[in-house]
Amino acid sequence: MFWYGNYDGLSKPPTFDLEFDGNKWATVVTNTTSFTYYEMIYATKGDSISICLARTRDQEFPFISRLESLPLPDDMYPQMRRDMAWFIRYRYNYGADDRIIGYPDDKYNRIWEPQIPPGLDSVTANFTSLDETSVNVPPDSAIIKAVEASATDRINLSFGFDNVSHLDHVEMYFTEPFLETSETRSFNVTVNGSFVNTTTPEYQICTSVWANLQSIGTLDIQLVPTEDSTLAPIISAIEVYTVSQPLVIATTSQNDLDGLEEFIETFDQLKGWSGDPCLPNDTIWQWLNCSTNQPPRVTSIYLSGFGLQGYLPNFSQMDALEVIDLHNNKLSGEIPDFLGKLPNLRLLDLRDNDFSGCVPQSIIDNKQINYM
């Protein structure tokens, strides 16, 4: 969440990129009057997630107001492919017009915005809690209110997107708000003209209907009563997620990731560098150069004047290195022999350190290395 609030007194809300695990998430466009909010559901591939705020404009500096990560049970949103990151585009609490629902009503702190679409009537159930609910566990307070068709016998809902092909995941939530034994309510659910399900809401029970579909531009949903229905269609809440393509997890060579981990664990000055060092291309760590091939390889290390102290770790697995510049630090101990055996190394600058002993013969004998 980003709330500019003119915190710097410049009245210039910045624009910058939001990235996770080497993947671009969104371009954050802040303003002076409201907060900007982004949310995704993402199956992690490791023990940590890297979130990056990347400056994309001169003199516009990224900031962040709030960052929250919550674990979800494995059985939630079972129709979402786990190799994709799903970005929330719309999440509405239909029938409400008073407040945004989050925690503690929703224990996963999903944000449910109140909405009453034009031409639909707001309905409040005559119960205050549910007996049963969907596997996605929407908050009861978002389900007990709903909108019902009135002027027409159907509900039409439209959600706008850019005219770029994208995969959508839609979750719709329903309940029967009143126990009327003499009335029936059932309707057909269609998404972008394709039949999805025939739904009969049940009293004090939240059921869900989902759909996955590839679409371009507007996403259109229709709830149309069946012939035997005596009551109009109704809907309590909806979630619309989108993803433009399968998730590309950052794939810098594991050898390089392992080698850089040795650096970070050895030197306190490098603590805090995390995530993928080479991806995306415009956020390469400032003390590295990387190749553009797949997977990316670290080709240069520039740590001159970083105040590094102690022994050099073994990073011999970083065999794509062409330049190592470590001059003007306080490195000590013997110069490691493996440096002379790196197959692509061309420049090795170890000046102005506190190394002891002789230069390894492997470096002296390697005629392709310019050693300083």
Side-chain angles (χ1 to χ4, degrees), residues 25-26 37-43 76-96 110-123 134-136 138 142-143 145-176 185-201 206-229 231-247:
W25 180 349
Y37 168 79
Y38 299 90
E39 177 190 319
M40 70 173 171
I41 293 180
Y42 169 49
M76 284 182 69
Y77 300 100
Q79 292 80 24
M80 287 183 172
R81 283 176 50 181
R82 280 359 188 203
D83 63 340
M84 294 180 171
W86 296 90
F87 309 116
I88 190 67
R89 296 297 298 270
Y90 301 94
R91 185 186 287 118
Y92 290 138
N93 169 21
Y94 285 128
R110 293 164 294 186
I111 302 300
W112 302 79
E113 298 182 38
Q115 190 183 81
I116 303 175
L120 301 181
D121 292 334
S122 177
V123 176
S134 160
V135 68
N136 299 329
I143 303 303
K145 289 191 175 182
V147 288
E148 184 180 40
S150 55
T152 64
D153 63 351
R154 63 184 60 195
I155 292 178
N156 297 303
L157 303 171
S158 291
F159 304 90
F161 293 93
D162 297 332
N163 287 320
V164 177
S165 179
H166 50 85
L167 179 63
D168 297 326
H169 177 78
V170 182
E171 293 275 355
M172 294 162 274
Y173 302 99
F174 308 95
T175 192
E176 178 54 57
R185 190 193 312 268
S186 65
F187 46 88
N188 296 323
V189 180
T190 65
V191 181
N192 282 356
S194 297
F195 174 78
V196 174
N197 188 277
T198 297
T199 298
T200 302
C206 175
T207 57
S208 63
V209 173
W210 64 272
N212 285 340
L213 68 157
Q214 198 79 27
S215 60
I216 299 177
T218 303
L219 175 70
D220 294 312
I221 295 173
Q222 279 195 330
L223 311 181
V224 181
T226 59
E227 291 183 358
D228 58 348
S229 179
L231 297 172
I234 195 169
I235 183 169
S236 292
I238 196 167
E239 296 181 277
V240 180
Y241 295 85
T242 189
V243 63
S244 58
Q245 58 187 2
L247 182 62

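Separation of atoms OG (Ser122) and NZ (Lys145) is listed at 6.0 Å; rounding is to 0.5 Å. Glu39 contributes atom CD, which lies 4.0 Å from atom CZ of Arg91 (distance to the nearest 0.5 angstrom). In this structure, OH on Tyr94 lies 11.0 Å from CH2 on Trp112, to the nearest 0.5 angstrom. Between the CG atom in Asn212 and the CZ atom in Arg81 there is a gap of 9.5 Å [rounded to 0.5 Å]. Atom-to-atom distance recorded for Ser158:OG and Asn192:CG is 9.0 Å, nearest 0.5 angstrom. Distance OH/Tyr241 to CD/Glu171: 8.0 Å, rounded to 0.5 Å.
Residues passing the salt bridge (Lys or Arg N to Asp or Glu O under 4.0 Å) test with Arg89: none are found, sequence neighbours excluded. Taking the ring pair (Phe, Tyr, Trp, His ring centres under 6.0 Å) definition, one finds that Trp86 meets it with His169, sequence neighbours left out. Judged as a salt bridge (Lys or Arg N to Asp or Glu O under 4.0 Å), and not counting sequence neighbours, Glu113 has no contacts. Scored by the side chain to side chain donor-acceptor pair (under 3.5 Å) test, Thr190 finds no partners at all (sequence neighbours excluded). Residues that satisfy the ring pair (Phe, Tyr, Trp, His ring centres under 6.0 Å) test with Phe161, not counting sequence neighbours, are Tyr90, His166. A search for salt bridge (Lys or Arg N to Asp or Glu O under 4.0 Å) contacts involving Glu148 returns Arg185, not counting sequence neighbours.
Nearest approach of Ala146 to Ile234, heavy atoms of both residues: CB-CG1, 3.7 Å. Between Ile116 and Ala96, the shortest heavy-atom contact is CG1-O, 3.8 Å. Scanning all heavy atoms of the two residues, the minimum distance from Asp121 to Ser150 falls at OD2-CB, 2.8 Å. When all heavy atoms of Tyr173 and Ile238 are compared, the pair lying nearest together is CD1-N, 4.3 Å.
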- Decide yes or no on side chain to side chain contact (heavy atoms under 4.5 Å, CB included) for Leu223 and Phe174, but give the supporting numbers first. CA-CA 11 Å; Leu223 311 181; Phe174 308 95; 4.0 Å; yes
- Task: Run the numbers on Ile88 and Ile111 for side chain to side chain contact (heavy atoms under 4.5 Å, CB included), then give the verdict.
- Result: CA-CA 10 Å; Ile88 190 67; Ile111 302 300; over 6 Å; no
- Given the rule in the side chain to side chain contact (heavy atoms under 4.5 Å, CB included) test, do Val191 and Met172 qualify, once you have shown the distances and angles that lead to the verdict? CA-CA 11 Å; Val191 181; Met172 294 162 274; 4.3 Å; yes
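Formation of a donor-acceptor pair under 3.5 Å by the Ser186 side chain with backbone atoms of Thr200 is not found in this model. A donor-acceptor pair is defined here as one N or O able to donate and one able to accept, closer than 3.5 Å; no such pair exists between the side chain of Asn136 and the backbone of Met76. With Asp168 contributing its side chain and Ser215 its backbone, the two residues share no donor-acceptor pair below 3.5 Å.
Asp220 and Thr218 are not linked by any side-chain donor-acceptor pair at a separation below 3.5 angstrom, with hydrogens and angles left out of the test. No hydrogens or angles considered: nothing links the side chains of Ser236 and Thr175 as a donor-acceptor pair under 3.5 Å.
No side-chain heavy atom of Ile221 sits less than 4.5 Å from a side-chain heavy atom of Val196.
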